[in-house]
Amino acid sequence: MQPSDKALVPFVSVDHMMQLIHHIGVRDMLRGLADYIEDDFKRWELFDKTPRVASHSAEGVIELMPTSDGETYGFKYVNGHPKNTADGLQTVTAFGLLADVNTGYPVLLTEMTMLTAMRTAATSAMVARALAPKGATTMAMIGNGAQSEFQSVAMQAIAGVTHVRLYDIDPAATAKCAANLKDTGLLVTACTTAEEAIEGAQILTTCTADKAYATILTDNMVGAGVHINAIGGDCPGKTEIAPAILQRGDIFVEYPPQTRVEGDIQQLPDDHPVTEIWQVLAGQAPGRTSDKQITIFDSVGFAIEDFSALRYVRDRIDGTPYFHPLDLLADPDDPRDLFGMLHRAKA
C-alpha cells in the first residue's frame, strides 16, 4: 500500500542535518538558533515547563525533555554517558519531535545529536552576549571534548570572541580542538593548565564530562569582572564550580527547579537567589550591572531550547531536499477502520 500524504512526516537524518548546516552556514545557523531561542525565552510564560524526566544509572542518564507553547508540542530524547568515548561511542546522542497540538500529529522527526551541539552553543553565546563584560574578546575553553568547537565558533559568531584559550586534562583533546578551529579565524592558544587558560580571558567556559563532583574552577582562579559559562554540571552529583565562586557571583539559570537538582547550584541552599535568564532577555530583571560583577550562567539545558531548535529546523527544511518523507502514521480510509487497513495490506 502506498502511504498517503497524511501518513508522511518529515525526517531529518544525521546526513541531512549536516547538509542543512552547511547549506545555511555554521555561523549563520548558530545566529539563527540563538534568535529563535531568544524569541521563545521572551514568551517563556506561554510554555509548559517541567524538569526533564531522567532515568539515572551508574553509567549515565537517559532523559526526556517535553514542552509546548499551546500550539506546538515538542520533546527530545537524550542520553549522557561519559564512559562511552572509551568504546568509540558518543557521550551524548539525541533525537526529537514536533507535533501539532490540535491534532496530535507529528510534523517533524529529526536527529538531535548534531542539533543539540548547535543549540547548546547558541544558547551559551546568546547569554554571553547579554551578560559578558562589554568588549569581551577572549574565552577560556576548559574541557575540549565534542562541544568545545561549537562553543568557540558560537562565541565568535554571536558574542564577538576573537581569541580562544584551550585546556583539557587530555592533551589529545586540546590538539583535536585546536586543529578543528584552525581555519575559523579565531586566534587559538593551547594551554597546559586551567590557570594558564583563564589568563586574560573575560569569558570562562567549563565543559567537562566526568559524572562526579569536581572543582574545575577554584575560588582563587576567578577574579572580578568575568562571565562564567558553566555547562558541564548537568545532572545530580556532577559539578564544576567551587561553591565560593557561586557565593561571590550573580547566578543566572534556565529553570530553577531543574537547575537546583542538576546544576552547579546543587551545592548551595535551595533558597540561594538566582535569576531566570528569560527575565533578563525580556527586560524584567537586570543582567550585568557593573564592570567588577561576576556573572555565572549555570546552564543545564532546558526543553524550550530544544523546542526552539526544532522550530528552526522545521522552518528551514521547507522547500529543500534535506529531509526524507517518513511513513510514520497509519492513515486508513475510514479513521475507525484501522483493522481493515491491516487486513487489506495482507493482500
Side-chain angles (χ1 to χ4, degrees), residues 41 51-52 54 61 80 82 120 123-133 136 138-143 147 151 155 159 165 167 169 193-195 197-199 201-281 284-302 305:
F41 274 30
R52 52 191 161 208
V61 62
T120 299
T123 302
S124 292
M126 175 199 69
V127 173
R129 182 172 59 191
L131 296 181
T138 302
M139 177 179 75
M141 184 70 238
I142 301 174
Q147 177 63 202
Q151 289 284 323
M155 290 290 181
R165 300 175 63 82
Y167 171 69
I169 58 172
T193 65
E195 290 82 357
I198 68 174
E199 290 177 7
Q202 302 92 16
I203 300 172
L204 315 181
T205 294
T206 56
C207 186
T208 57
D210 284 346
K211 188 180 178 182
Y213 288 112
T215 305
I216 307 304
L217 294 179
T218 59
D219 188 31
N220 65 315
M221 292 169 64
V222 177
V226 299
H227 173 63
I228 299 174
N229 178 40
I231 59 175
D234 58 2
C235 68
K238 185 173 185 285
T239 63
E240 296 180 316
I241 309 301
I245 299 173
L246 299 171
Q247 295 284 359
R248 288 196 290 132
D250 291 304
I251 302 168
F252 300 81
V253 303
E254 290 134 326
Y255 183 58
Q258 181 173 298
T259 311
R260 291 192 189 279
V261 174
E262 299 181 353
D264 271 280
I265 60 172
Q266 66 186 271
Q267 303 174 90
L268 300 180
D270 288 344
D271 60 352
H272 188 90
V274 299
T275 301
E276 295 182 51
I277 192 61
W278 75 266
Q279 296 175 309
V280 176
L281 298 171
Q284 297 185 20
R288 175 168 290 276
T289 57
S290 76
D291 293 340
K292 294 184 178 180
Q293 182 184 15
I294 298 172
T295 54
I296 303 165
F297 180 39
D298 189 5
S299 176
V300 297
F302 191 62
E305 297 157 17

Residues passing the salt bridge (charged side-chain N to carboxylate O under 4.0 Å, His left out) test with E254, sequence neighbours excluded, are none

What I'd like to find out is whether the side chain of [X] reaches to under 4.5 Å of the side chain of [Y], using heavy atoms alone.
X	Y	value
T123	F297	yes
N229	M139	no
R52	F302	no
T120	Q147	yes
F252	V127	no
I231	E240	no
M155	M141	no
L131	I277	yes

State, to 0.1 Å, how close [X] and [Y] come at their nearest heavy-atom pair, and which atoms those are.
X	Y	value
G263	T239	O-CG2, 4.2 Å
A201	A140	CB-N, 3.6 Å
L268	P243	CD2-O, 4.4 Å
A159	R129	CB-N, 4.2 Å
G225	I294	N-CG1, 4.1 Å

Atom CG of N220: over 12 foreign heavy atoms under 6.0 Å
yes

Do any N or O atoms from the side chain of [X] and from the backbone of [Y] form a donor-acceptor pair under 3.5 angstrom?
X	Y	answer
D264	D298	no
R288	S290	yes
R165	E199	yes
Q151	T206	no
Q267	I241	yes

So, applying side chain to side chain contact (heavy atoms under 4.5 Å, CB included) with [X], which one of [options] is it?
X	options	value
V274	V253, L246, T259	V253
I245	T218, V226, V222	V222
I142	T193, L217, I169	L217

Reported [atom1]-to-[atom2] distance for the pair [X] and [Y], which is rounded to 0.5 angstrom:
X	Y	atom1	atom2	answer
Q247	H272	CD	NE2	5.0 Å
S124	H227	OG	NE2	7.5 Å
D250	I296	CG	CD1	8.0 Å
Q202	T138	CD	OG1	5.0 Å
R248	I251	CZ	CD1	12.0 Å
S299	I228	OG	CD1	13.5 Å

